[in-house]
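Working notes, beginning with the structure itself.
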Amino acid sequence: MAQRELLGRFDASAASTAGGASGGELRARDRLEAQPGRAAWIKLKDGTVLWLGGGGVLEARDARRLELREGRVLIQVAKGPTAFRVDLADGTHVEALGTRFEVELAAGGPRVRVVEGRVRRSGEGKSADARGGQEIGSDFAVRAFDPREVLAPWLDAARPDPDAALGALPSAPWPQLGGSPGHTGVTPVRGPAALVAEAFYPFPRVEGGGEAPQYAPAVVDARERVFVLRRADAERSQLWVLDLRAGERAWKPCGEPVLGLSQNPPVVTPRGLVALGVSIMTGPNVVAWDPGLGRVAWTKDVGSSVYALTAAHDGAVICSTFQRVVALDELDGQERWSFAHESVSEVQAPACVLENGEVVIASRAGRLVRLAPDGKLMKDAGWNSQQGLFWPPVARGDGSAWIACPLGDVGCWKADGAADVLLSGAQASTWPLGNDVLALGPALQLGRGVKAELAGSSPVQALALDGRGFLYVGAHATLSRYRYDAKAFAAGRPPATDALSPVQQGEIVRGGIAILPDRLVVTTTEGVQLFK
């Protein structure tokens, strides 16, 4: 059978070729090829979408089986009667059911990276399973990675019109509260090469009298939309959006205000929904907004005030409530699991999702709880004699979690349940980074002993680390940048300031640093400042 060319492209011609690139069914020996330097896509009859990197070559074996000959491919698999399979030149293969994953033929051997769902790589008498946020190396070892690292180059390849590919381009959150489900504040996304103030977007004003509106730190998504949650009045909250890619200069409201007040920022789910939780005991206290469709995707009543949300790698929206912790499915808001116990009474901090899917919770009662990915109890321990608010638990690469609160100890809760107090009575001014960087008022604590004194006396409000190796520190109205060097920290050498830049208006809010490719989004008390 003759080979057929099936691909459309991420360029101006995509609109004219979309018909030939959509709704196709793969037949044996169909060849899918992308020109060098130009990514291409195809949507199959069953709903599966393939994105092929420039210079990549695929050959079909049947409707749900491909062989990757060259390059890399990103696949969004539609559920079907059989697994979707990708054969590799080394004799191994990858299988998946209903997921998004990337396969790349790299110089060191095949690499599989899972954006969401689960896949299995088999062959050579070996096999390895990976879920969203994990990659399988050429040696079959499973390692954690940030799914945004996969999606950024595909989104870049789709510019200037990322919606040309049937609106099916992948989407995932960029750094938000703490940077990840583990609140690490660390991302492989490369921030700005310099630190130059670009534009300032003042928050929308409220007409009439009353209290001044309150804003949570801005969160951003992979399409460079910035979202802020505003306390509209004494009883309602409202979500606002600013589309940077579209060049918008003013905030737009996302629908009508919702009943109830939110104490924490919204979260962006792996599929790009924006979810917010509000403090009302009954009624829709979790609301998910679909920015692409411009409407509410779903609402949910979890039976208690929702203090905070965490968007997990696997699409779960984990709700911290007064009475229990609840995991909802990002697609429809249906409950996946819930955990209710006296240990989690009045959980006000966002939960932390570790690399292996385990969930760490800190409650006002000074208790720590570690749950399995399905919500089953694993560990329950006392931590702090100073009861009260905790910062969000923060994941570390070794499977442990930082635990810190504004008035108490800072420590590490290990995977085996042992607690290691690092600093007693430290009074952390914000949550730590996941790689042993902690803010103690106006200073940085690096590891267990190295300290970096900062200029001025203002406490640090925000920390973030990007893929260029720059550590960003926000304090008062100044953003500082340091060159991060873990070995130098370990050797007792504090970092030197790489750059300084003031914000144009207001003061930097706690957790108010988000990183986009080549840009920084900093939230102040008056608006959002962009740096490039």
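These numbers come from a predicted model, not from an experiment.
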Any donor and acceptor pair, going by atom type alone, linking the side chain of [X] with main-chain N or O of [Y] inside 3.5 Å?
{"X": "Ser363", "Y": "Val347", "value": "no"}
{"X": "Thr321", "Y": "Gln323", "value": "yes"}
{"X": "His183", "Y": "Val353", "value": "no"}
{"X": "Thr269", "Y": "Leu273", "value": "yes"}
{"X": "Ser262", "Y": "Gly277", "value": "yes"}
{"X": "Asp485", "Y": "Pro495", "value": "no"}
{"X": "Ser279", "Y": "Leu261", "value": "yes"}
{"X": "Asp221", "Y": "Arg225", "value": "yes"}
{"X": "Gln238", "Y": "Gly255", "value": "yes"}
{"X": "Trp337", "Y": "Pro373", "value": "yes"}

- Task: Could you give me the CA-CA distance, side-chain angles and deciding distance for Asn264 and Tyr307, then say whether side-chain hydrogen bond (donor to acceptor under 3.5 Å, both in side chains) is met?
- Result: CA-CA 7 Å; Asn264 280 287; Tyr307 294 123; over 6 Å; no

So [Y] and [X], do their side chains get closer than 4.5 Å, heavy atoms only?
{"X": "Ile403", "Y": "Pro393", "value": "yes"}
{"X": "Arg519", "Y": "Leu244", "value": "yes"}
{"X": "Phe227", "Y": "Val220", "value": "no"}
{"X": "Phe470", "Y": "Leu195", "value": "no"}
{"X": "Val226", "Y": "Trp251", "value": "yes"}
{"X": "Val287", "Y": "Trp289", "value": "no"}
{"X": "Phe84", "Y": "Val94", "value": "no"}
{"X": "Arg510", "Y": "Trp391", "value": "yes"}

Considering non-hydrogen atoms only, spot the tightest contact between [X] and [Y] and give its length.
{"X": "Ala428", "Y": "Leu440", "answer": "CA-CD2, 4.0 Å"}
{"X": "Phe531", "Y": "Ser501", "answer": "CE2-OG, 3.2 Å"}
{"X": "Pro217", "Y": "Val509", "answer": "CG-CG2, 4.0 Å"}
{"X": "Tyr472", "Y": "Leu479", "answer": "CB-CD1, 4.5 Å"}
{"X": "Ala462", "Y": "Gly512", "answer": "CB-N, 3.6 Å"}
{"X": "Leu377", "Y": "Leu371", "answer": "CA-CD2, 3.8 Å"}

- Task: Walk me through it: do Val119 and Asp129 pass the test side-chain contact (heavy atoms from CB on, under 4.5 Å)?
- Result: CA-CA 6 Å; Val119 304; Asp129 291 356; over 6 Å; no

How long is the gap from [atom1] on [X] to [atom2] on [Y], to the nearest 0.5 Å?
{"X": "Gln334", "Y": "Trp298", "atom1": "CD", "atom2": "CH2", "result": "9.0 Å"}
{"X": "Leu463", "Y": "Leu438", "atom1": "CG", "atom2": "CG", "result": "8.0 Å"}
{"X": "Thr524", "Y": "His476", "atom1": "OG1", "atom2": "NE2", "result": "11.5 Å"}
{"X": "Thr478", "Y": "Gln461", "atom1": "OG1", "atom2": "CD", "result": "12.5 Å"}
{"X": "Ile513", "Y": "Thr523", "atom1": "CD1", "atom2": "OG1", "result": "9.0 Å"}
{"X": "Asp301", "Y": "Asn285", "atom1": "CG", "atom2": "CG", "result": "5.0 Å"}

Is it true that [X] and [Y] make a salt bridge, defined as a side-chain N closer than 4.0 Å to a carboxylate O?
{"X": "Arg367", "Y": "Asp380", "result": "yes"}
{"X": "Glu358", "Y": "Arg370", "result": "yes"}
{"X": "Arg111", "Y": "Asp139", "result": "no"}
{"X": "Arg324", "Y": "Glu335", "result": "yes"}
{"X": "Arg483", "Y": "Asp498", "result": "no"}
{"X": "Asp290", "Y": "Arg295", "result": "no"}

- Does the salt bridge (charged side-chain N to carboxylate O under 4.0 Å, His left out) test come out yes or no for Arg481 and Asp466, once each step is laid out? CA-CA 11 Å; Arg481 189 175 76 173; Asp466 77 352; over 6 Å; no

- Message: Using 30° and 60° as the class boundaries, would you call the ring planes of Phe203 and Tyr215 parallel, tilted or perpendicular?
- Response: parallel

- More than 12 foreign heavy atoms under 6.0 Å from CZ of Arg120: is that the case here? no

- Message: Is the terminal nitrogen or CZ of Arg121 (NZ for Lys, CZ for Arg) located under 6.0 angstrom from the six-membered ring centre of Phe140 and within 45° of that ring's axis?
- Response: yes

- Message: Under the criterion side-chain contact (heavy atoms from CB on, under 4.5 Å), I'd like the reasoning laid out for Val326 against Ile318: C-alpha separation, chi angles, the key distance, then a yes or no.
- Response: CA-CA 6 Å; Val326 188; Ile318 301 175; over 6 Å; no

